[in-house]
Amino acid sequence: MEKMSTKDKILYLLKRQSRLSVGELTKCLHITDMAVRKHLSILEKEKLIYSVEVKQPIGRPIQKYILTKNAELLFPKSYESLAVEFLKDIEAMYGEESIEQLFQNREKRLTNEYNVRLENKSPIEKIKELKTIQNEKGYMADVAKIGTNKYELIEYNCPILAVASKYKVACHCETSLFQKVLQTEDVKRTSCKTEGNDHCRFLIGF
């Protein structure tokens, strides 16, 4: 994040955390409250963020800031609208089975691609390399160790969100892909952006 402007850092942080207060942004950015509020004011005028009031157990409610749909468009989407239109045409001409076959073929290609980079690596090395690959593909991925041989993979962005929302087989194929390239059946998707969750999350065990 060193080369990002403060504005871009705020958008990036909100993409990762979903909603943040002025105080939370101040701690993350290491700048003053006044500076944060100035940037937030500009972003609100540009219709890139909006605020909501969040009740607290004690004391007054606080304002949390969230990305607007306009801001979401700033993140990678891989020309997904055009892709959806093409898939709809293919489905109309050849039926639902053709769509499933397309995603299965894509899964096979990605499996071969990922296997080249994950081959002969230890589980932790595989997880780190998977994170790197997903980041290269625009998923804004991160990984955390949550137990013995247990990890959580988080994807803060989905470059094919419109496609996956229309064709859930895309999500199933991604989970299957991870199982194959990580060589473990213990891969479970615990949240998904297509179901209204903030991020896609996977629990992975070896």
Side-chain angles (χ1 to χ4, degrees), residues 1-56 61-84 110 113-114 117 127-146 151-166 170-171 174 177-178 189-202 204:
M1 293 176 62
E2 292 79 13
K3 296 181 181 179
M4 290 183 179
S5 66
T6 301
K7 169 185 171 180
D8 289 337
K9 288 179 181 179
I10 291 173
L11 295 174
Y12 181 88
L13 287 167
L14 289 175
K15 180 68 174 176
R16 287 178 64 96
Q17 303 299 327
S18 298
R19 54 185 67 194
L20 291 168
S21 66
V22 170
E24 290 167 334
L25 285 167
T26 298
K27 290 179 182 178
C28 292
L29 297 169
H30 306 292
I31 58 178
T32 65
D33 275 23
M34 186 177 295
V36 168
R37 292 181 188 280
K38 181 179 178 181
H39 286 291
L40 291 174
S41 177
I42 293 171
L43 289 169
E44 281 189 300
K45 289 178 181 177
E46 294 176 348
K47 300 188 185 305
L48 295 176
I49 63 170
Y50 66 97
S51 64
V52 295
E53 200 170 71
V54 179
K55 293 181 179 179
Q56 301 297 298
I62 61 172
Q63 296 294 117
K64 293 264 188 174
Y65 291 86
I66 303 171
L67 296 179
T68 65
K69 289 183 179 180
N70 288 339
E72 292 285 355
L73 295 175
L74 299 176
F75 294 91
K77 291 294 184 293
S78 294
Y79 306 102
E80 55 180 339
S81 296
L82 182 61
V84 170
L110 291 178
E113 175 189 335
Y114 285 39
R117 295 178 58 171
I127 284 286
K128 289 181 178 179
E129 187 64 20
L130 178 61
K131 168 190 168 183
T132 298
I133 295 171
Q134 293 303 91
N135 277 327
E136 291 171 359
K137 294 182 180 294
Y139 285 87
M140 285 181 63
D142 205 357
V143 168
K145 186 171 184 179
I146 58 174
Y151 302 87
E152 183 179 47
L153 173 69
I154 307 170
E155 294 175 341
Y156 295 101
N157 185 58
C158 179
I160 61 166
L161 182 57
V163 172
S165 296
K166 173 66 177 174
C171 300
E174 183 181 38
L177 167 68
F178 291 166
R189 185 188 294 266
T190 58
S191 71
C192 185
K193 287 180 73 68
T194 65
E195 296 172 357
N197 300 123
D198 291 327
H199 315 302
C200 292
R201 296 174 181 267
F202 300 84
I204 300 166

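Keep in mind the model is a prediction, meaning the values are calculated, not measured.
- From Thr6, atom OG1 reaches atom NE2 of His39 across 4.0 Å, with rounding to the nearest 0.5 Å.
- Not one N or O on the side chain of Thr194 forms a donor-acceptor pair closer than 3.5 Å with the backbone of Ala164.
- Interatomic distance, OH of Tyr12 versus CE of Met140, reported as 4.5 Å (0.5 Å rounding).
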message = Could you walk me through whether Tyr65 and Ile10 satisfy the side chain to side chain contact (heavy atoms under 4.5 Å, CB included) test, starting with their C-alpha distance in whole Å, then the side-chain angles of each, then the deciding distance to 0.1 Å, before giving a yes or no?
response = CA-CA 10 Å; Tyr65 291 86; Ile10 291 173; over 6 Å; no
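- Here the closest heavy-atom approach between residue Arg19 and residue Val52 is recorded as NH1-CG2, 4.0 Å.
- The shortest distance between side-chain heavy atoms of Cys28 and Lys9 does not fall below 4.5 Å.
- Note: Lys166 NZ to Leu161 CG = 14.0 Å, rounded to the nearest 0.5 Å.
- Within a 6.0 Å sphere centred on NZ of Lys128, heavy atoms belonging to other residues, nucleotides or ligands number 12 at most.
- Side-chain N/O atoms of Gln134 and Tyr114 include a donor and acceptor closer than 3.5 Å.
- Taken to the nearest 0.5 Å, the CZ atom of Arg37 stands 10.5 Å off from the CG atom of Leu25.
- Contact check for Leu48 versus Leu74: side-chain heavy atoms found under the 4.5 Å cut-off.
- Between Arg117 and Ile133, some side-chain heavy-atom pair lies under the 4.5 Å cut-off.
- Between the Lys193 side chain and the Asp198 main chain, a donor and an acceptor come within less than 3.5 Å of each other.
- For the atom pair Ser51 OG and Leu43 CG, the distance stands at 12.0 Å (nearest 0.5 Å).
- Between Phe178 and Leu130, the closest heavy-atom pair is CE2-CD1, 3.7 Å.
- To the nearest 0.5 angstrom, Ile66 atom CD1 is 10.0 Å from Ile49 atom CD1.
- Inspection of the Ser191 and Asn197 side chains reveals no N or O donor paired with an N or O acceptor under 3.5 Å.
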Pair Leu11-Leu67, side chain to side chain contact (heavy atoms under 4.5 Å, CB included): steps then yes or no = CA-CA 7 Å; Leu11 295 174; Leu67 296 179; 3.6 Å; yes
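- Note on Glu195 versus Arg189: no salt bridge recorded, every NZ/NE/NH1/NH2 to OD/OE distance being 4.0 Å or above.
- Looking at Leu14 and Leu20, their side chains come closer than 4.5 Å, going by heavy atoms from C-beta outward.
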Glu24/Gln17 under side chain to side chain contact (heavy atoms under 4.5 Å, CB included): CA gap, chis, key distance, verdict = CA-CA 10 Å; Glu24 290 167 334; Gln17 303 299 327; over 6 Å; no
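- A donor-acceptor pair under 3.5 Å is formed between the side chain of Asn135 and the backbone N or O of Ala141.
- Considering only heavy atoms from C-beta on, Glu174 comes within 4.5 Å of Tyr139 through its side chain.
- A heavy-atom distance below 4.5 Å is found between the side chains of Leu13 and Leu29.
- When atom types are taken as modelled, the side chain of Asn157 and the backbone of Gly138 share a donor-acceptor pair closer than 3.5 angstrom.
- Between Glu113 and Leu110 the shortest side-chain heavy-atom distance falls below 4.5 Å.
- In terms of heavy atoms, Thr68 sits closest to Tyr50 at CG2-CD2, 3.6 Å.
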